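From a predicted model like this one, the values you see are computed outputs, not experimental measurements. Atoms within each ligand, like the ligands themselves, are counted from 1 in listed order.
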Amino acid sequence: MEQERTIRAALLGAGTVGKGVYKLAGLLQEDIVKKTGARLVIDRILVRDKNRKREGIPAEILTDRWEEIAEDEGIEIVIELMGGIEPALTYIQEALRRGKQVITANKDLLAEHGAQLFEAAAGQGCDLHFEASVAGAIPIIRPLRQSLAAAGLTEVMGIVNGTTNYILTKMSEEGMGYEEALQLATRLGYAESDPTADVEGYDAGRKLAIMASIAFNSRVTFPQVYTEGITKITAEDIRYAKEFGYAIKLIGMTRLTEEGIEVKVHPMLIPDQHPLASVRDSFNAVFVHGQACDDAMFMGRGAGEMPTASAVMGDVIDCMRNILHGSCGKIGCGCYLNLPVKPIQETASRFFLRLQVTDKPGALANIAGILGNNSVSIGQVVQKKSHNGVAELVIITDSVRERHFNDAIRILEGMSVIREISGIIRVYG
Ligand code: NAP
Ligand code: HSE
């Protein structure tokens, strides 16, 4: 009888995702043999602290020495789930140099060093899979790289951070405070090891850099992405947004324009009727538009142990098939163009503007005049309340170039009737 083929893999990291992957690989053991024709064996896991007990993981397979994995020629797949830039970059480069296939969920690394890693993988004819790096369980990398390769993509937009979507959902639906919601998201395993990356929009920015690079065949790196997080969003903003018929979401958006690639992440008022407004909790959703495919939408769990493990294990199974068929490394970097990234100031948006204004005749006319002089046209304006001589003014503008809007804000900041600029949030449409 023919001996069963075995493929050995090592995990780098046994945190939220690493534990999930080990668990799922165990549950799917026989299924994987049937699907691929080979048995997957994960018998080495790199961690910082190998003496810490980890439920469901035998202590003898833990190591704190990378060399034990790098130098083991029998290990064919390295699954990097540590996060961060170093030592992940060095380890992945070495794994590729040694001819090992690599799977990673590390968006920090791909969004800054993607070009280098793809070059290293191509040089060795190795697979470099990264489905879990964007939007958790949602298949979006493979569709962008493969299924939509002929779609003529012009826009990718959506909610790509589970932590912030969870926080905004809790604040909006349950009136929960920001800190409490963040603690819950961290406990549920959604947040990054440093949640600043989530709440300041960096995590979503990294995902946008990865998607923009694939969609437009031109390398976009994280420092080129404009990012603004959710830390300034208040319960008041959420309340007013609701009153106007909007939900506030952290939105990532990238577009192909004649002047280059627009790529940005920021909170946005989304109309209640828009499908993104009803994407709740840790769910993510990505819309794409292409000249040939028209509109398509992908939605699912964007973070957490098992949803992310599902994406990683999908990559593992794909990689095993490639190993068995001798077809590793067939999809390379794909960034054959070198398009410029448009500065945020040259992009256009509608804005929600909340102001505290001295309640006296002519104040509104002055404000409207300054906005008008700077090409900012008012779509909607409401004076919400007047208390102790101060009125709260909420304005929604028409679409305006960000440079013009910011010029107007600088002038408003210096006006004596303006007591405070309490909120500025972009508006969809
Ligand atoms: P995590 O819970 O912080 O786990 C990180 C693991 O890596 C830990 O086991 C840690 O070891 C190990 N590690 C870190 N630095 C190391 C080093 N220098 N040497 C050896 N081991 C090291 O992180 P996670 O949430 O699982 O995320 C892992 C990756 O997946 C990140 O790139 C993240 O962005 C990405 N991701 C996460 C999610 C999610 O929902 N959590 C979703 C999609 C993608 P110790 O246990 O000994 O400290
Ligand atoms: N911290 C990330 C999030 C994990 O909340 O979306 C998934 O990439």
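Among Gly162, Gly136, Gly302, Pro307, the residue whose heavy atom sits closest to atom 7 (C) of ligand 2 is Gly302. When the options Glu131, Arg48, Glu192, Arg206 are ranked by their closest heavy atom to atom 14 (C) of ligand 1, first place goes to Arg48. Counting only non-hydrogen atoms, the option in Ala105, Ala191, Ala303, Ala185 that gets closest to atom 35 (C) of ligand 1 is Ala105.
Of the polar atoms of Asp108, none of the N or O atoms is found under 3.5 Å from an N or O of ligand 1, judged by distance alone. Between Val17 and ligand 1, an N or O atom pair is found at a separation short of 3.5 Å. Remark: ligand 1 and Gly15 share an N or O pair separated by less than 3.5 Å (distance only, no angle test). Checking only distances, Ala132 never comes within under 3.5 Å of ligand 1, N or O to N or O. Checked against a 3.5 angstrom limit, the closest N/O atoms of Lys107 and ligand 1 fall inside it. Close N/O approach between Gly302 and ligand 1 is not found [any backbone or side-chain N/O within under 3.5 Å]. Considering both main-chain and side-chain atoms, Gly13 never comes within under 3.5 Å of ligand 1 through any nitrogen or oxygen pair.
In terms of heavy atoms, Leu11 sits closest to Gly18 at CD1-O, 3.6 Å. Nearest heavy atoms, Ala191 versus Thr186: CB-OG1, 3.7 Å.
No salt bridge links Asp64 with Arg48; every basic N to acidic carboxylate O contact stays at or beyond 4.0 Å. Between Arg98 and Glu73 there is no salt bridge, since no side-chain nitrogen of the basic residue lies less than 4.0 Å from a carboxylate oxygen of the acidic one. Taking the charged nitrogens against the carboxylate oxygens, Lys342 and Glu346 have no contact shorter than 4.0 Å, which rules out a salt bridge. Using a cutoff of 4.0 Å between basic side-chain nitrogens and carboxylate oxygens, Glu305 and Lys23 are scored as salt-bridged. A salt bridge links Lys107 to Asp203: at least one charged side-chain nitrogen sits closer than 4.0 Å to a carboxylate oxygen. Salt bridge Asp281/Arg301: absent, no basic N to carboxylate O contact under 4.0 Å. Note on Arg8 versus Asp43: salt bridge recorded, some NZ/NE/NH1/NH2 to OD/OE distance being below 4.0 Å.
In this structure, the protein non-hydrogen atom closest to atom 8 (O) of ligand 2 is Lys107 NZ, 2.5 Å.
The contact set between ligand 2 and Lys207, taken as ligand atoms under 4.0 Å from a residue heavy atom, comprises 2 (C), 3 (C), 6 (O), 7 (C), 8 (O). Set against the non-hydrogen atoms of Asp49, the atoms of ligand 1 under 4.0 Å away are 47 (O). Close approach of ligand 2 to Tyr190 is summarised as follows: ligand atoms under 4.0 Å from at least one heavy atom of the residue are 1 (N), 2 (C), 3 (C), 4 (C), 5 (O). Those atoms of ligand 2 that come under 4.0 Å of a heavy atom in Asn161, given as number and element, are 2 (C), 3 (C), 5 (O), 6 (O). Which parts of ligand 2 touch Asp198 is read off a 4.0 Å heavy-atom cut-off, strictly below it: atoms 1 (N), 2 (C), 3 (C), 5 (O). Per-residue contacts place Glu192 under 4.0 angstrom from the following atoms of ligand 2 (heavy atoms of the residue considered): 1 (N), 2 (C), 4 (C). Listed by atom number, the atoms of ligand 1 under 4.0 Å from Pro87 heavy atoms are 18 (N).
Side-chain contact check for Tyr226 and Glu228: at least one donor-acceptor pair (N or O, by modelled atom type) lies under 3.5 Å. No hydrogens or angles considered: nothing links the side chains of Gln101 and Asn322 as a donor-acceptor pair under 3.5 Å. In this structure, a donor-acceptor pair under 3.5 Å is present between the side chains of Thr196 and Asp194. Remark: the His289 side chain and the Asp295 side chain contain an N/O donor-acceptor pair separated by less than 3.5 Å. For the residue pair Arg321/Thr36, the side-chain donor-acceptor check at 3.5 Å is not satisfied.
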Practice task
Given side chain to side chain contact (heavy atoms under 4.5 Å, CB included), test Tyr178 with Thr231 step by step and report yes or no.
Solution key: CA-CA 8 Å; Tyr178 168 85; Thr231 50; 3.5 Å; yes
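For the ligand labelled ligand 1, residue Gly189 lies inside the 4.0 Å heavy-atom shell. Not a single heavy atom of Lys19 sits less than 4.0 Å from an atom of ligand 1.
Counting heavy atoms under 4.0 Å from ligand 2, residue Thr163 touches it through both backbone and side chain. Residue-level proximity to ligand 2 for Val134 is absent, since no heavy atom of it falls below 4.0 angstrom. Contacts with ligand 1 closer than 4.0 Å are made by side-chain heavy atoms of Arg54 only, the backbone lying farther away. With a 4.0 Å heavy-atom cut-off, ligand 1 is reached by no atom of Glu305.
Counting protein heavy atoms under 4.0 angstrom from atom 23 (O) of ligand 1 gives zero.
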